[in-house]
Amino acid sequence: MDRCFSAFRTVNKFKKPLYSNNQLLTLLDTCKAITQIKQIHAQLITTSLILHPIPTTKLLKLLTESSFSSLTYAHLVFEQFPSPDIFIYNTMIKAYIPTAQFSSNSIVLFKSMVRDSAVVPNQYTFVFVLKACSCGLRISEGEQICVHAIKLGLDGNVYVMNVIIKMYADLGLITLARKVFDGSTSRDLYSWNSMISGYVGAGDMCGARELFDEMPERDVVSWSTMVAGYTQVSCFMESIELFHEMLQKGPPPNEFTLVSALAACANLLALDQGKWIHVYIKKEGFKIKDRLLAGLIDMYAKCGEIEFAHTIFKSLDSSKQTIWPWNSMIGGFAIHGRSQEAINAFEQMRMTTCIAPNKVTFISLLTACSHGKLVAEGRQYFESMASSYGVDPEIEHYGCMVDLLGRAGFLKEAEDIIVAMPVPPDTIIWGALLGACRIHRDTEMAERIGKVIRESNPNNVGCSVLLANMYSSRGRWTEANLVREKVDLSGMKKTPGCTSIELNGMVHQFLVGDRSHPQTEQIYSFLDEMTAKLRIAGYVPEIGEVLLDIYDEEDKETALARHSEKLAIAFGLINTAPKTPIRIMKNLRVCGDCHEATKFISKVYDREIIVRDRLRFHHFRDGICSCKDYW
DNA sequence: CTAGGGTTAG
């Protein structure tokens with residue numbers, strides 16, 4: 001190589017160079033800042049080495065891949081090069097891929113390379129430019145370029161074939177991806193994994209599973225993709241099941257796998273499972289930091305163990321170099337209604353680290369304010385997001401504000417936010433306002449908002465149900481039934497209330513009035529006995545919460561007593577030792593009567609009862625709920 | 001001197 005460069009040296013032989021050619025190249029590798037690169041760039045110019053493709057490619061790689069990269073600078077270097085070779089083109093095409101808004105530059109560069117230069121694209125070129133097509137969602141160009149690659153005889157190259165498979169999958173053309181996969185003569189583990197990942201991305205876990213079962217050999221990525229896939233489509237049980245199968249007969253899991261398995265536990269409220277994974281992580285000597293730490297904090301927080309989550313967070317000070325653990329901790333405090341602690345964690349991050357808060361941080365922080373009725377603080381953080389932290393509010397942040405203001409009773413102001421925000425409102429945000437209308441019994445506004453929602457999204461069951469419930473709670477049965485009939489006629493299905501509880505590592509689920517559990521008889525007779533005890537203690541069923549048109553008061557009470565929350569709590573009381581805390585999870589918001597009843601249960605049976613509903617936790621102890629009845 | 005597959009958060 002040195003001999004090759006010496007030809008360039010002669011151009012400047014009158015000037016004694018500071019470094020030898022090889023020394024310069026080695027120095028490039030040790031650059032730690034843009035100023036150092038500039039110095040070496042200057043040396044490359046004085047020695048004329050800059051006219052040689054190898055040092056220029058090295059320089060470009062540094063300018064495009066290091067932490068202090070500068071695409072503008074790189075592009076300048078590229079433009080100065082008289083006639084770039086294939087390496088230089090490829091490096092530049094690759095450089096533009098990850099910059100979302102400029103990934104079209106990769107394609108532009110590819111086109112000009114084909115049109116204006118004598119350089120013929122090779123397999124590397126296609127790997128890069130096709131990846132750019134999939135990042136930029138450029139379907140027609142992607143297809144043309146595929147044809148081009150095949151014409152050049154690159155359909156036998158496994159890298160090219162794999163990137164084509166991935167591109168079609170990324171573009172949502174899963175059938176096409178499969179066609180390429182099936183027709184490909186050169187397939188390796190990556191092809192199989194790309195194809196599985198394609199099915200996962202399309203939400204087709206059956207397709208993914210079929211390939212997974214079929215494939216000749218599976219590595220840690222194959223398994224992790226499947227475990228993560230099940231978690232993504234909310235098949236958490238399947239996720240954990242497959243994780244255990246992996247431990248038995250697959251390769252050892254890595255951080256990726258563990259994070260997905262922990263997320264599944266968090267979603268299932270499977271604390272025992274989660275603890276088991278924590279032990280496994282420690283036993284196998286994984287370094288607990290960043291994402292894995294975040295996964296653990298998230299799992300413990302979502303399984304009700306907010307104290308323990310905080311303990312881990314505090315004990316691993318040096319492992320918090322990214323935003324992940326912070327967001328998990330702030331989010332954990334938020335769902336537990338520990339608003340001040342969420343704020344404290346945020347302030348601690350701000351004061352003691354250089355980590356910049358992101359979109360998710362503010363969602364958690366605003367959620368915390370909302371759950372704690374901290375209206376002034378919420379307003380202040382919302383105002384400061386863009387101005388002090390450069391995080392522009394997105395629809396989710398506006399949603400948090402609507403929830404915060406609406407729940408606190410500022411309905412008009414909440415509506416003003418929706419009307420004035422720069423993004424078009426969606427059903428979720430109108431739904432938040434509708435929910436607030438229900439809490440504050442503003443039927444008039446609810447009717448208006450309900451109309452808006454149904455105009456834009458006539459199939460929204462949640463909205464209709466909420467509206468019907470509102471009419472019901474005010475005794476306006478005719479109107480309630482009218483809305484309900486519409487729902488029934490259209491064939492829309494309401495999500496049924498479902499409560500789950502983990503016992504000895506098994507998750508048990510209960511629906512309203514469920515009689516499918518093996519212990520049904522015992523549970524129902526326990527419920528009768530329990531209701532009687534609660535009444536003696538002063539519990540009065542809130543029959544206003546019965547939103548069906550049942551005229552008999554006694555029937556209303558029975559309907560309440562069979563709510564899935566109560567079934568799960570009864571099951572827990574029967575099957576656990578005295579004083580053991582009971583953890584349950586409901587897929588919807590907890591109902592007002594169940595909330596009241598659970599307060600009494602915690603006192604009468606002397607149990608701590610931890611309830612996770614769709615939005616937050618309620619810790620019941622000694623007749624009091626941690627949410628202070630604000631939810 | 002340039003290649004490919006898998007994570008989490010409201």
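Just so it is clear, the structure is predicted and the values come from calculations on it, not from any experiment. Numbered from 1 within each chain, the chains take letters A, B, ... in sequence-line order.
DNA chain B lies under 4.0 Å from at least one heavy atom of each of the following residues of residues 226-234 of chain A: Gln232(A).
Listed candidates were dT2(B), dG4(B), dG6(B). Nearest to the side chain of Phe128(A) is dT2(B). Distance from the side chain of Ile54(A) is smallest for dC1(B) among the nucleotides dT2(B), dC1(B), dA3(B). Counting only heavy atoms from C-beta on, Thr57(A) has its side chain closest to dC1(B) among dG6(B), dA3(B), dC1(B). Among dG6(B), dT7(B), dA3(B), the nucleotide with an atom closest to any side-chain atom of Tyr124(A) is dA3(B). Out of dG6(B), dC1(B), dA3(B), the shortest distance to the side chain of Val221(A) is found at dG6(B). Side chain of Ser224(A), nearest nucleotide from dT7(B), dT2(B), dG6(B): dG6(B). Residue Lys58(A) has its side chain nearest to dC1(B) when only dC1(B), dA9(B), dA3(B) are considered. If you check dG4(B), dT2(B), dG6(B) against the side chain of Ser197(A), the one that comes closest is dG6(B). Here the side chain of Val158(A) is nearest to one of dG4(B), dA9(B), dA3(B), namely dG4(B). Closest to the side chain of Asn254(A), out of dG6(B), dT7(B), dA9(B), is dG6(B).
If you take CG of Asp290(A) and C1' of dT7(B), they are 13 Å apart, rounded to a whole angstrom. Summarising the geometry, the separation between CD on Gln123(A) and P on dT2(B) is reported as 14 Å, rounded to the nearest angstrom. Taking atom CE of residue Met205(A) and atom P of nucleotide dG6(B), one finds them 14 Å apart after rounding to whole Å. The separation between Met195(A) atom CE and dG6(B) atom C1' is 15 Å, rounded to whole Å. Between the CG atom of Asn157(A) and the P atom of dA3(B) there is a distance of 14 Å, rounded to whole Å. Straight-line distance from the CG atom of Asn327(A) to the P atom of dA9(B): 11 Å, rounded to whole Å. The distance between atom CD1 of Ile323(A) and atom P of dA9(B), rounded to the nearest whole Å, is 15 Å. One interatomic measurement links the two molecules: CD1 of Ile86(A) to P of dC1(B), which rounds to 17 Å at whole-angstrom precision.
Each side chain to side chain donor-acceptor pair (under 3.5 Å) pair with one or both residues in residues 199-208 of chain A, not counting sequence neighbours, appears once here: Arg178(A)-Tyr199(A). Under the salt bridge (charged side-chain N to carboxylate O under 4.0 Å, His left out) criterion, the residue pairs touching residues 337-347 of chain A are Glu307(A)-Arg338(A), Arg338(A)-Glu341(A), Glu347(A)-Arg350(A), with sequence neighbours excluded.
Residues satisfying the side chain to side chain donor-acceptor pair (under 3.5 Å) criterion with Glu394(A), sequence neighbours excluded, are Lys359(A). Checked against side chain to side chain donor-acceptor pair (under 3.5 Å), Asn358(A) has the following partners two or more places apart in sequence or in another chain: Asn327(A), Thr361(A). Listed by chain and number, the residues in a ring-ring contact (aromatic ring centres under 6.0 Å, His included) with Tyr73(A) are His41(A) (sequence neighbours excluded).
Within the model, atoms CD of Glu255(A) and CG of Asp290(A) stand 10.0 Å from one another, a figure rounded to the nearest 0.5 Å. A distance of 10.5 Å separates SG of Cys133(A) from CD1 of Ile164(A), quoted to the nearest 0.5 Å.
Below 30°, between 30° and 60°, or above 60°: for Phe286(A) and Tyr280(A) the angle between ring planes is between 30° and 60°, a tilted geometry.
Taking the 5.5 Å centre cut-off and the 30° plane limit, the aromatic side chain of Phe256(A) is classed as stacked on dT7(B). Both thresholds, 5.5 Å between centres and 30° between ring planes, are met by Tyr159(A) relative to the base of dA3(B), so the two rings are stacked.
With ring centers used as reference points, Trp192(A) lies under 6.0 Å from Phe181(A).
Heavy atoms of Ser328(A) sit nowhere under 4.0 angstrom from any nucleic acid atom. Looking at heavy-atom distances under 4.0 Å, Asp170(A) makes no contact with the nucleic acid at all. Here Val360(A) lies in heavy-atom contact (under 4.0 Å) with a base. If you check every strand for non-hydrogen atoms under 4.0 Å, Thr225(A) touches sugar and phosphate atoms only. Backbone-only engagement by Lys166(A) is indicated by non-hydrogen atom pairs under 4.0 Å involving sugar-phosphate atoms exclusively.
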